[in-house]
A.B. asks: 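So that we are looking at the same thing, I have put the structure below in structure tokens.
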Amino acid sequence: MARRKKIYEGKAKDLFEGPEPGTLVQYFKDDATAGNGEKKDVIEGKGALNNRLSEFFMMGLMQIGIPTHFIKRLNMREQLIRQVEIIPLEVIVRNFAAGTMAKRLGLEEGTALPRPIVEFSYKDDSLNDPLVPEEYIIAFGWAGQQELDDIISVALRVNDFLSGTLFGVGIKLIDFKIEIGRLWENDYPRLVVADEISPDSCRLWDIETGEKLDKDVFRRDLGNLTDAYTEVARRLGVLPSNVTHTPTKPTLIN
Ligand code: C5P
């Protein structure tokens, strides 16, 4: 296949020019980072698992009428997506206290919240993605008031879908992050779910045991990350064969 031009290099994914105008190829790497890149490793199989899992969740969202950037999965590591204008916000939905919220408020991780809470961080690695109030978003023009209202309602619908889907396979959705993009159609921007939805961007706990099945396994050195993601994929029935063994070099077969 012809080499494609790389147009963006991220921590866990790269973006390449797509085959047609308005499309991109999203490539899922095995690289894992935490603490804004302070902790780094390569976890064999992670990229392929996230590609599959993100495909599964994005397809599910589209089936219930929530537009996303996803077009189709191309292979083990790549998916074809629509090119969108990313709104520079991390949209975080929390059902249970964990992570930065638990720390900030001195709450025990796993404490049920009175209702799902949507919060926003401004996407800027050099500032460590600071939490921002809605007023900043409007005042600095990152999104308009109507867009912000729409983003919140999409985020809550995504939360209902993900919570229900994961509950069905014995997993509690603690929190997650999505990104939203503007898809321009005839000078009219439509909001779509972009980036990825995977155990890299969600907190997922086993309902029975509380075992962590997400990136906290890497962030907190709790065990084997690929095993945790494989378990999520297995339960959701999206596990491709030999996903954990992506040969990086030719191997001799006897
Ligand atoms: O770290 P914090 O508790 O704020 O994260 C909330 C949720 O957002 C977690 O599921 C985490 O995986 C996700 N997140 C993310 N990318 C970031 C920050 C948070 O996917 N840069």
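Counting starts at 1 for both ligands and their atoms, following the listed order.
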A.B. asks: Would you confirm whether His69, through its side chain, and Gln83, through its main-chain N or O, come within 3.5 Å as a donor-acceptor pair?
C.D. replies: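 Absent.
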A.B. asks: When you measure from the side chain of Lys29 to the backbone of Gly47, do you find a donor-acceptor pair of N or O atoms at a distance under 3.5 Å?
C.D. replies: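 Not at all, since once roles are kept as given, no pair shorter than 3.5 Å links the two residues.
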A.B. asks: Just by modelled atom types, is the Ser121 backbone N or O under 3.5 Å from a matching donor or acceptor in the Asp129 side chain?
C.D. replies: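 Here the side-chain-to-backbone pair does not exist.
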A.B. asks: Let me know which protein residues bring a heavy atom to under 4.0 Å of ligand 1; chain then number is fine for ordering.
C.D. replies: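 Lining ligand 1: Glu90, Ile92, Arg94, Ala98, Gly99, Thr100, Asp129, Asp175, Phe176, Lys177, Asp200, Ser201, Cys202, Arg203, Arg219.
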A.B. asks: Taking Arg77 for its side chain and Phe28 for its backbone only, find out whether a donor-acceptor pair lies under 3.5 Å.
C.D. replies: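 A pair under 3.5 Å: yes.
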A.B. asks: Is there a donor-acceptor contact under 3.5 Å from the side chain of Asp214 to the main chain of Leu204?
C.D. replies: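 Yes; judged by distance alone, with no hydrogens or angles, the pair exists.
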A.B. asks: Do the side-chain N and O atoms of Gln146 and Asp150 include a donor-acceptor pair separated by under 3.5 angstrom?
C.D. replies: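 Note: Gln146 and Asp150 side chains meet the donor-acceptor criterion.
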